Protein chains: 2
Amino acid sequence: MQTLSKNAPMPVVRRLPKYHRNLKELLEEGITKISSKDLSERMGLTASQIRQDLNYFGGFGQQGYGYNIEELIKVIEDILSINNKYNCIIIGAGNLGKAISNYILNLYGNAKVLAIFDIDADKTNKIFNDINIYNMSELKDYLKSNEIDIAILAVPKSSGIEVAKDVINNGIKSIWNFSTADIAVGNDVVIENVAINESFYTLTYLISENEK
Amino acid sequence: MQTLSKNAPMPVVRRLPKYHRNLKELLEEGITKISSKDLSERMGLTASQIRQDLNYFGGFGQQGYGYNIEELIKVIEDILSINNKYNCIIIGAGNLGKAISNYILNLYGNAKVLAIFDIDADKTNKIFNDINIYNMSELKDYLKSNEIDIAILAVPKSSGIEVAKDVINNGIKSIWNFSTADIAVGNDVVIENVAINESFYTLTYLISENEK
DNA sequence: ATAATATTGTTAAATATAAAACAAACTCGA
DNA sequence: TCGAGTTTGTTTTATATTTAACAATATTAT
């Protein structure tokens with residue numbers, strides 16, 4: 001099963017999780033195959049786009065038949081590396097950090113939060129969801145003695161840049177950033193931003209447009 | 001100050017909050033004017049893009065001079081309707097709901113969370129951040145007797161669609177959706193999704209690409 | 001006041017993304 | 001087994017977005 005990316009554009013990659021979720025739902029409904037046309041109607045896309053998206057990674061369908069859902073799910077999981085194991089730490093033990101911790105616990109069996117860090121002494125040296133909350137001063141040592149794949153930045157205000165530098169300097173190669181900070185990273189580090197504040201302003205824009 | 005949108009494309013709109021944040025920072029640094037070139041270098045964009053983005057809404061700069069930062073901030077706030085007042089409710093009193101409540105408290109003086117709702121009896125009839133947490137059964141009556149602008153969906157699993165229908169049926173015209181649900185809305189309702197799970201899978205994709 | 005410099009707004013070109021079109025290949029019922 | 005109907009993978013066309021180019025206009029120093 002060849003799934004080597006022909007350097008798929010990011011808009012395509014960002015649609016894959018949506019395909020994955022819909023295909024999982026279909027499988028739960030007991031459906032085993034689907035055509036790009038039927039899937040497109042379910043998802044509100046064009047059939048052409050679905051076929052073209054998938055073909056960036058390979059030809060997984062069959063003429064006259066469609067796509068085998070179970071197989072396609074596996075292919076997408078492979079492309080997205082969903083089933084790899086990911087050891088994560090969360091920086092920030094506020095509600096956001098805790099919420100993310102829950103999110104990961106509920107959604108991704110393969111991802112695990114091993115530790116949470118915070119500067120606030122009131123929050124540290126406690127346990128949340130069986131996870132130890134350490135003080136930031138322990139971060140460096142922790143990263144030295146543990147293999148961590150992903151650092152999750154859940155610091156509310158813009159201490160994000162500082163913290164990002166910190167974890168990168170201690171060997172972290174991927175960051176899931178929930179802070180408002182614009183974090184510039186080198187070529188060997190990947191970053192994915194969840195820009196909650198920007199999302200809110202987009203909503204207020206849409207509201208004002210809608211009211212016109 | 002004419003800021004009537006010539007139907008700006010969404011990619012442009014989604015960059016505006018980033019401009020806004022950077023301009024605010026510049027102002028705090030005591031800088032009062034900036035050229036598209038300097039701003040582009042700071043933000044990692046092209047100067048051309050900045051000029052063209054802004055020109056969807058009007059000509060706010062001056063040849064040979066650049067942009068007056070304070071004025072430009074006001075213009076962007078006007079376009080995004082940042083300074084309007086927004087009455088919000090949050091559905092879901094878990095950590096995510098609480099985190100969003102904090103986020104709003106800290107970031108947007110103009111947006112206010114008036115109530116939180118949950119199905120879980122253990123979480124209801126309590127107060128968080130001075131906000132009452134009600135049972136879902138009270139939602140309908142609440143929406144009838146209160147003017148709510150935005151319903152924020154912080155329900156973890158996919159009860160999202162049901163809840164969305166609920167609030168829309170009770171007059172809500174805008175939704176900020178943190179649930180995994182794909183919510184289809186009519187033309188008179190606006191929705192903005194924060195797809196945290198999709199973001200995670202995008203990150204795992206980037207990690208695997210980075211390791212190649 | 002003038003000229004050299006800076007910088008915009010806007011038009012044109014390039015690139016990226018999405019949709020449509022269609023030949024090739026498979027399916028499935030008779 | 002055959003033929004009509006499906007549906008893919010892929011090519012072509014259309015649209016959207018970004019970048020480059022540049023004339024027009026303001027600024028600033030002299």
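By convention in this document, chain letters (A, B, ...) are assigned in the order of the sequence lines, proteins followed by strands, and residues within each chain are numbered from 1. All figures in this text were calculated on a predicted structure; none of them were measured in a lab.
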Salt bridge (Lys or Arg N to Asp or Glu O under 4.0 Å) partners for B/Lys33, two or more places apart: none

Results of side-chain contact (heavy atoms from CB on, under 4.5 Å) for B/Ser36 - residues two or more places apart only: B/Ala47, B/Ile50, B/Arg51, B/Tyr67

Contacting residues from residues 42-52 of chain A, given that a heavy atom lies under 4.0 angstrom of DNA chain D: A/Arg51, A/Gln52

Contacts of type side-chain contact (heavy atoms from CB on, under 4.5 Å), residue A/Asn95, not counting sequence neighbours: B/Asn95, B/Lys98, B/Ala99, B/Asn102, B/Phe128

Euclidean distance, atom CG of residue B/Asp53 to atom P of D/dA16 [Å, nearest integer]: 17 Å

Using a cutoff of under 3.5 Å, can you pull out all pairs of nitrogen or oxygen atoms linking the protein to nucleotides 24-28 of chain D, with atom names and distances?
none

Where at least one partner belongs to residues 52-63 of chain A, residue pairs that pass salt bridge (charged side-chain N to carboxylate O under 4.0 Å, His left out), sequence neighbours excluded: A/Arg15-A/Asp53

Phosphate-side-chain proximity, B/Tyr67 and C/dG9, N/O vs OP1/OP2 below 4.0 Å: yes

Parallel, tilted or perpendicular: ring planes of A/Tyr201 versus B/His20, cut at 30 and 60 degrees: perpendicular

Pairs where residues 166-175 of chain A contributes a residue and the test salt bridge (charged side-chain N to carboxylate O under 4.0 Å, His left out) is met, not counting sequence neighbours: A/Lys173-A/Asp188

side-chain contact (heavy atoms from CB on, under 4.5 Å) partners of A/Val190, counting only residues at least two apart: A/Ser174, B/Leu203, B/Leu206, B/Ile207, B/Asn210

Any A/Arg14 side-chain nitrogen or oxygen under 4.0 Å from OP1 or OP2 of C/dT17: no

Under the ring pair (Phe, Tyr, Trp, His ring centres under 6.0 Å) test, residues paired with B/Phe178 that sit two or more places apart: B/Trp176

